[in-house]
*Asks:* 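Have a look at this one.
As the structure is a computational prediction, the values presented were derived from the model and not from experiment. Proteins get letters first, then strands, A, B, ... in listed order; numbering begins at 1 in each.
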Amino acid sequence: MTAAESPQVAQRYDPRDVQEKWQARWAELDPFRASEDPADPRERFYLVDMYPYPSGDLHMGHAEAYAIGDALARYHFLRGRNVLHPIGWDAFGLPAENAAIRNDSHPADWTYANIETQAASFRRYAVSFDWSRRLQTCDPEYYRWNQWLFLRFYERGLAYRKGGYVNWCPIDQTVLANEQVINGRCERCGAEVVRRVLTQWYFKITEYADRLLADAAQLEGHWPERVLLMQRNWIGRSEGAEVRFAVEGRDEPVTVFTTRPDTLYGATFFVVAADLPLAEELCAPERLPELRAYVEQVRKLTDIERQSAEREKTGVFLGRYAINPVNDEPIPVWAADYVLPDYGTGAIMAVPAHDQGDLGFARAHGLEVRVVVDTGQPDPAQAGVATVGEGTLVNSGSINGLDKAQAIAAITAILEEKGLGKAAVSYRLRDWLVSRQRFWGTPIPIVHCPSCDEVPVPDDQLPVELPDLRGQDLLPRGVSPLAAAQDWVNVPCPACGEPATRDTDTMDTFVDSSWYMFRYCSPHDTDRPFDPERVRRWAPVDMYVGGVEHAILHLLYARFFTKILYDMGLLDFTEPFTRLINQGQVINCGRAMSKSLGNGVDLGEQIERFGVDAIRLTMIFASPPADDIDWADVRPEAMVKFLARVWRVAADVAAADAAAGPAAAARGTGDAELRRVTHRTIDEVTRLVEAYHLNVAVARLMELVSAARKAIDSGLKARGSAEGPGPADPAVREAAEVLAVLLSLFAPYTAEECWELLGHEPSVALATWPLADPALLVLDTVTCVVQVNGKVRDKLDVPPSITEAELRELALAAPGVLRTLDGRHVSRVIVRPPKLVNIVAA
RNA sequence: GCGGGCGUGGCGAAAUCGGCAUACGCGGCAGGUUUAGGUCCUGUUGGUGGCGACACCGUGGGGGUUCGACUCCCCCCGCCCGCACCA
């Protein structure tokens, strides 16, 4: 029997032909709207795909991410849950602004045009969004709540302004948060970041460092392990002690942080970050010119140069001595750039014998290296390798002979007793720098008044809307373009009414994305950022789908916001995303797609060629969700073929029904063998989807299609001789229906076509997920593998209920076993009924 | 350097608990349909040896535990990711 001969199906199936038809029907049906009815008995499920940045049309990466999210969302819909699956746009940001400068237009033009393009693409891509909740962060109705939240943070001391070293991107002409600097480069444009001293707004995320760390335990097992790990590393908690050193010529002692207070006797010099005002303070007057020259030199270095560990360690002696508090020994004070100004206190006690960085400095400048922990390893002064392991304290007065842990406890106790220090914790995490010197973002709702200083804009004056700037007005000048908008900047002080000026910076766009998942719950609320009642119903997000590139930035910030909102009493949970799955990247020929490599693949083109269903299926089938997909390795045409096979099963059933009159066949009857396959498929696909093994789920569907095909063809071949079930068999219809519903997770158009062919309406989206009949999952015979010394020598068909004794006897008599044994002595028989027997022979 | 992850056919990948390695797909091969090519359909496809029944080898390498190891343990090699003077 061949396709060409088949009387059942003459026409060919092209999945591209049915897309428009179903888009129109779905728009009418609106099947995915989440219900807010508190009386709705369905279990709620909240699934969020990370919202896109509207940089143009959707691309291959979006196609993968949303195919995964949509499959899961549709699964929960079909399981009868009240699913919230919203979409929005991360619509503020630099590219819009740069486009506006190029085109002499307003960033909003570019932004909203791209959003419309993407929205249309999402509809074509058949993603099951609740479109009524769509949000865009550049809408004043959205960003006014950024401002509202900023003011609440401000009231709590969590938003504050301070001067200090910041990361400045010379291309984008704005400051960046620490998290946005990757290997010393701007994460957006790749330019080398330089350090500048500026007064900026910060969110006090460091105050939440411990909670961010502790609550990560709740996410264990539900978030990818590496994301949790990256967050833990980023927060970088270290335990140690603060030690106060008196310094000649200064009244106040200088505090240092150390993780190794046990090595205090080994401190042979003292270093302060050269570019900290403290360095000048500590410097002997005659050494000042030298220090200043050095600092000048340091400033010229980029962060990349400065942080290179191979570089010779430079520094200058400040002509002063600090007093080691445990032995009153004077140690020289140096200024150097290997000590960072913004970690710990910006000053350290240097223990060259037991710290590699300090050792490098000591060797470069001829400073003493004194071993105080005997680790049994070679002398660091000779070997050039600091010893950091366990050992016994030596040269350390009262703590001699103790081990590392004992010594840390002892020294800490001594310091505390004498008021010279205490146990302390330090974090690598810095406060989140949120102000930006660019236009297309949320204005910071603060007014600067000559007499009242910082004055919050009153809530009833929110939103502070952006002024109407466009084109050249937006050129980066090192200060925010907002500063040039005189009409906008000059306002009466909300407190005293005298002339004052608005803060001209805008917020980091990561502020927008730190709480959008709550806004989705009541996106049209005009009185507050979100309705706590509704958020309580939906949130936290049950499933969050997005790329691992946000492992630190967005996810850390969103967790931070959630904790603040919890503290404000607006949420009753402390973690925003219960479960997280990362999708991999779509690459091409082994590399990320890029214009410069010319290996880009256009999503729209792929869809034109193969249709939406085939592209979605390609994404899902290629690999597990978290793995990268190399587009050079996949064959969308194979998916087109598969879809046509599925369709042909449904079409054959429909044709057989038409020939036989109205199908009266009873459910639950028909070919038993096919029914078993169908129900096993239901069972397995359900389990696989629950475990996110979507690629394997598709493989199971392919097997079901093959089984259905065989059942149909064998019946046709028989022609009255009743050799096989044929297309009219109820089991075949059952298989086709199950197939349509299960397939709808991945290929909604084809699923709809099949569902319709099988006589159902209006949409497979309103179908129910099938339940496997347990009776059909039990096999009446099982293949038992019989091994001799671990090698398969025979196979037996046995009933699943076979006893150990019976199976043992059968196995020992199996021909393959007898042949292999060839009279050898059987020393042991391991029987695992009903699937395996292993015979151990001499 | 530190931390983490991963190595399975020619390729993408499967393998609940330690129990038939390579499901499913791609590619290849053979056949059918076709005037031909393509499409489509069917079969086949880890390696070596053998006409064959079969035998041996085989999940990066080496060792171990076990009746039995892709799976657990130790050592090594390779690749990927994160952090990288954080005191």
Side-chain angles (χ1 to χ4, degrees), chain A residues 1-6 12 182-183 224-234 236-238 240 256-260 263 267 271 273 306-311 313 336-340 342-351 354-361 426-430 548 551-552 617-618 621-624 626-630 632-635 637-639 641-642 644-645 648 684 687-688 691 693 695-703 705-706 709 713 783-792 794-795 816 819-820 827-832 835-841:
Chain A
M1 193 78 241
T2 68
E5 275 179 308
S6 168
R12 274 279 173 60
I182 311 293
N183 293 328
E225 193 50 43
R226 65 170 173 155
V227 173
L228 293 175
L229 214 109
M230 282 163 73
Q231 293 216 349
R232 288 193 184 107
N233 289 342
W234 190 261
R237 183 190 149 100
S238 24
V256 303
F257 174 77
T258 178
T259 53
R260 295 292 306 275
T263 62
V271 191
R306 179 168 172 171
Q307 288 178 7
S308 158
E310 286 84 55
R311 194 169 59 97
K313 284 191 163 45
D337 64 0
Y338 85 95
V339 172
L340 305 176
D342 52 2
Y343 179 78
T345 62
I348 62 158
M349 62 177 220
V351 185
H354 308 294
D355 179 279
Q356 193 60 42
D358 294 344
L359 183 61
F361 192 82
S426 185
Y427 298 93
R428 219 187 63 105
L429 181 71
R430 315 288 153 88
V548 74
I552 296 172
L617 217 39
T618 303
F621 184 62
S623 64
D627 288 13
D628 287 352
I629 297 172
D630 193 328
D633 290 337
V634 299
R635 284 292 104 97
E637 46 273 58
M639 299 301 112
K641 198 166 103 181
F642 166 65
R645 273 166 67 82
R648 213 155 62 81
E684 289 192 10
R687 258 195 9 246
L688 289 163
H693 297 162
N695 54 329
V696 190
V698 174
R700 294 293 169 265
L701 295 183
M702 290 173 170
E703 288 171 321
V705 172
S706 294
R709 183 79 258 149
D713 288 350
T783 303
C784 176
V785 173
V786 186
Q787 301 174 330
V788 176
N789 292 336
K791 283 182 180 155
V792 182
D794 213 329
K795 290 178 186 184
R819 186 175 60 234
T820 312
S827 57
R828 199 173 157 191
V829 183
I830 288 107
V831 187
R832 293 277 178 280
K835 300 204 54 164
L836 181 125
V837 178
N838 190 13
I839 296 161
V840 186

*Asks:* Can you give me the closest heavy-atom contact between A:Ala336 and A:Val271, atom names plus distance?
*Replies:*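 That closest heavy-atom pairing would be CB-CG1, 3.6 Å.
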
*Asks:* Rounding to a whole Å, what distance do you find between A:Asp630:CG and B:G27:P?
*Replies:*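 It works out to 16 Å between those atoms.
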
*Asks:* Please give the distance between the P atoms of B:C74 and B:G58 as a whole number of Å.
*Replies:*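 Per the computed distance, 23 Å lies between those P atoms.
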
*Asks:* Between atom CZ in A:Arg819 and atom P in B:C54, what is the gap in whole Å?
*Replies:*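 These atoms are roughly 6 Å apart.
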
*Asks:* Which heavy-atom pair separates A:Ser238 from A:Thr259 by the least distance, and what is that distance?
*Replies:*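 Answer, listing the atom of A:Ser238 first, then A:Thr259: CB-CG2, 3.8 Å.
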
*Asks:* Do you see a donor-acceptor pair shorter than 3.5 Å between the side chains of A:Ser706 and A:Arg645?
*Replies:*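 A:Arg645 and A:Ser706 do have a side-chain donor-acceptor pair below 3.5 Å.
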
*Asks:* In whole Å, measure the gap between the C1' atoms of B:G62 and B:C77 for me.
*Replies:*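 It works out to 10 Å between them.
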
*Asks:* Give none if B:G58 has no partner; otherwise give the nucleotide forming a Watson-Crick or G-U wobble pair with it, both distances under 3.5 Å.
*Replies:*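 Across any shown strand, B:G58 pairs with none.
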
*Asks:* Using the P atom as the point on both nucleotides, what is the distance between B:C73 and B:G7, in whole Å?
*Replies:*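 These two P atoms come out 14 Å apart once rounded.
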
*Asks:* Is B:G9 in the syn or the anti form, by the rule that syn lies within 90° of 0?
*Replies:*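 It is syn.
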
*Asks:* State whether A:Arg645 places a side-chain N or O below 4.0 Å from either non-bridging phosphate oxygen (OP1 or OP2) of B:U42.
*Replies:*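 Yes, A:Arg645 has a side-chain N/O under 4.0 Å of OP1/OP2 on B:U42.
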
*Asks:* Suppose you measure atom P in B:U8 against the same atom in B:A15; what distance do you get, rounded to whole Å?
*Replies:*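 It works out to 15 Å between them.
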
*Asks:* Using Watson-Crick or G-U wobble geometry with both distances below 3.5 Å, tell me the partner of B:A23, or none.
*Replies:*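 With both distances under 3.5 Å required, B:A23 matches none.
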
*Asks:* Any heavy-atom pair between the side chains of A:Leu688 and A:Arg700 that's under 4.5 Å?
*Replies:*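 In short, these two side chains touch, coming nearer than 4.5 Å.
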
*Asks:* How many whole angstroms separate atom OH of A:Tyr338 from atom C1' of B:C86?
*Replies:*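 Going from OH in A:Tyr338 over to C1' in B:C86 covers 12 Å.
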
*Asks:* With a 4.5 Å limit on heavy-atom distance, are the side chains of A:Gln787 and A:Ile830 in contact?
*Replies:*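 A:Gln787 does not reach A:Ile830 side chain to side chain.
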
*Asks:* Based on the glycosidic angle (syn within 90° of 0, else anti), state the conformation of B:C81.
*Replies:*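 This nucleotide is in anti.
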
*Asks:* Do you know which two heavy atoms are closest between A:Ile629 and A:Ser623, and how far apart they sit?
*Replies:*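 Closest approach of A:Ile629 to A:Ser623, heavy atoms only: CG1-OG, 3.7 Å.
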
*Asks:* Taking 4.0 angstrom as the limit, do A:Asp342 and A:Arg430 come out as a salt bridge?
*Replies:*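 Result for this pair is yes, salt bridge flagged.
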
*Asks:* Set out, line by line, the N/O atom pairs under 3.5 Å between protein and nucleotides 3-11 of chain B.
*Replies:*
none

*Asks:* Using the C1' atom as the point on both nucleotides, what is the distance between B:G38 and B:U33, in whole Å?
*Replies:*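 The answer is 13 Å between these two C1' atoms.
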
*Asks:* Report the residue (A:Tyr343 or A:Ala638) whose heavy-atom-nearest nucleotide on RNA chain B is the more 5′ of the two.
*Replies:*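 Per heavy-atom nearest nucleotide, the more 5' residue is A:Ala638.
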
*Asks:* So A:Val840 and A:Asn789, do their side chains get closer than 4.5 Å, heavy atoms only?
*Replies:*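 A:Asn789 reaches A:Val840 side chain to side chain.
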
*Asks:* From OH of A:Tyr427 over to C1' of B:A87, roughly how many Å is that when rounded to an integer?
*Replies:*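 In whole Å, B:A87 C1' lies 17 Å from A:Tyr427 OH.
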
*Asks:* Could you tell me how far B:C6 sits from B:G60 if I compare only their P atoms? Round to whole Å.
*Replies:*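 It works out to 13 Å between them.
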
*Asks:* Quick check on B:C26: is either OP1 or OP2 less than 4.0 Å from any side-chain nitrogen or oxygen of A:Lys641?
*Replies:*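 Answer yes for this pair, as a side-chain N or O of A:Lys641 is under 4.0 Å from OP1 or OP2.
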
*Asks:* Between A:Arg687 and A:Glu684, is there a side-chain N and carboxylate O pair less than 4.0 Å apart?
*Replies:*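 Here A:Arg687 does not pair with A:Glu684 in a salt bridge, since their nearest N and O are not under 4.0 Å apart.
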
*Asks:* By the 4.0 Å heavy-atom rule, please label A:Val840 as base, sugar-phosphate, or nothing.
*Replies:*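 Contact class for A:Val840: sugar-phosphate only.
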
*Asks:* Phosphate oxygens OP1/OP2 of B:A87: is one of them under 4.0 Å from a side-chain N or O of A:Ser238?
*Replies:*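 Yes, A:Ser238 has a side-chain N/O under 4.0 Å of OP1/OP2 on B:A87.
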
*Asks:* What is the minimum heavy-atom distance between A:Ala551 and A:Met230, and which atoms define it?
*Replies:*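 Reported closest heavy-atom pair: CB-CE, 3.6 Å.
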
*Asks:* Nearest whole angstrom, please: distance from the P of B:A21 to the NZ of A:Lys791.
*Replies:*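 These atoms are roughly 11 Å apart.
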
*Asks:* Starting from P on B:C86, measure out to CG on A:Asp342 and report it in whole angstrom.
*Replies:*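 Whole-Å distance recorded here is 13 Å.
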
*Asks:* Minimum heavy-atom separation for A:Gly790 and A:Asn838, please, with both atom names.
*Replies:*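 So the two residues come closest at N-OD1, 3.0 Å.
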
*Asks:* Considering Watson-Crick and G-U wobble pairs with both distances under 3.5 Å, what does B:A30 pair with?
*Replies:*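 Checking every strand shown, B:A30 finds its partner in B:U42, with both distances under 3.5 Å.
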
*Asks:* Specify the closest pair of heavy atoms between A:Tyr427 and A:Tyr343, including all atoms of both residues, with the distance to one decimal.
*Replies:*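 Where A:Tyr427 meets A:Tyr343 most closely, the heavy atoms are O-CE1, 3.2 Å.
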
*Asks:* Name the nucleic acid region contacted by A:Val698, choosing base, sugar-phosphate or nothing; use a 4.0 angstrom heavy-atom cut-off, strictly under.
*Replies:*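 Nothing, no nucleic acid heavy atom in range.
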
*Asks:* With 3.5 Å as the limit, what N/O pairs link the protein to nucleotides 13-20 of chain B?
*Replies:*
{"residue": "B:A13", "atom": "O3'", "partner": "A:Asn695", "partner atom": "ND2", "Å": "3.4"}
{"residue": "B:A14", "atom": "OP1", "partner": "A:Asn695", "partner atom": "ND2", "Å": "3.0"}
{"residue": "B:U16", "atom": "N3", "partner": "A:Arg687", "partner atom": "NH2", "Å": "3.0"}
{"residue": "B:G19", "atom": "O6", "partner": "A:Arg832", "partner atom": "NE", "Å": "3.2"}
{"residue": "B:G19", "atom": "O6", "partner": "A:Arg832", "partner atom": "NH2", "Å": "3.4"}
{"residue": "B:G19", "atom": "N2", "partner": "A:Asn838", "partner atom": "ND2", "Å": "3.4"}
{"residue": "B:C20", "atom": "O2", "partner": "A:Lys795", "partner atom": "NZ", "Å": "2.5"}

*Asks:* Which nucleotide, in any strand shown, forms a Watson-Crick or G-U wobble pair with B:G3, with both distances under 3.5 Å?
*Replies:*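 Here B:G3 is engaged in a pair, and the nucleotide opposite it is B:C81.
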
*Asks:* Please determine, for B:C17, whether a Watson-Crick or G-U wobble partner exists with both distances under 3.5 Å, and give it or none.
*Replies:*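 Looking at the geometry, B:C17 pairs with no nucleotide.
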
*Asks:* Suppose you measure atom C1' in B:C70 against the same atom in B:C17; what distance do you get, rounded to whole Å?
*Replies:*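 About 15 Å, rounded to a whole number of Å.
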
*Asks:* Both A:Val634 and A:Met230 contact RNA chain B. Which one's nearest nucleotide lies toward the 5' end?
*Replies:*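 Here A:Val634 is the residue nearer the 5' end.
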
*Asks:* In this structure, how many angstroms lie between the C1' atom of B:C40 and the CZ atom of A:Arg709, rounded?
*Replies:*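 Distance check: A:Arg709 CZ to B:C40 C1' gives 12 Å.
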
*Asks:* What is the separation between atom CZ on A:Arg635 and atom C1' on B:G12, rounded to the nearest whole Å?
*Replies:*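 The distance from CZ of A:Arg635 to C1' of B:G12 comes to 10 Å, rounded to the nearest Å.
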
*Asks:* In whole Å, what separates the P atom of B:C24 from that of B:U44?
*Replies:*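 To the nearest whole Å, 11 Å.
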
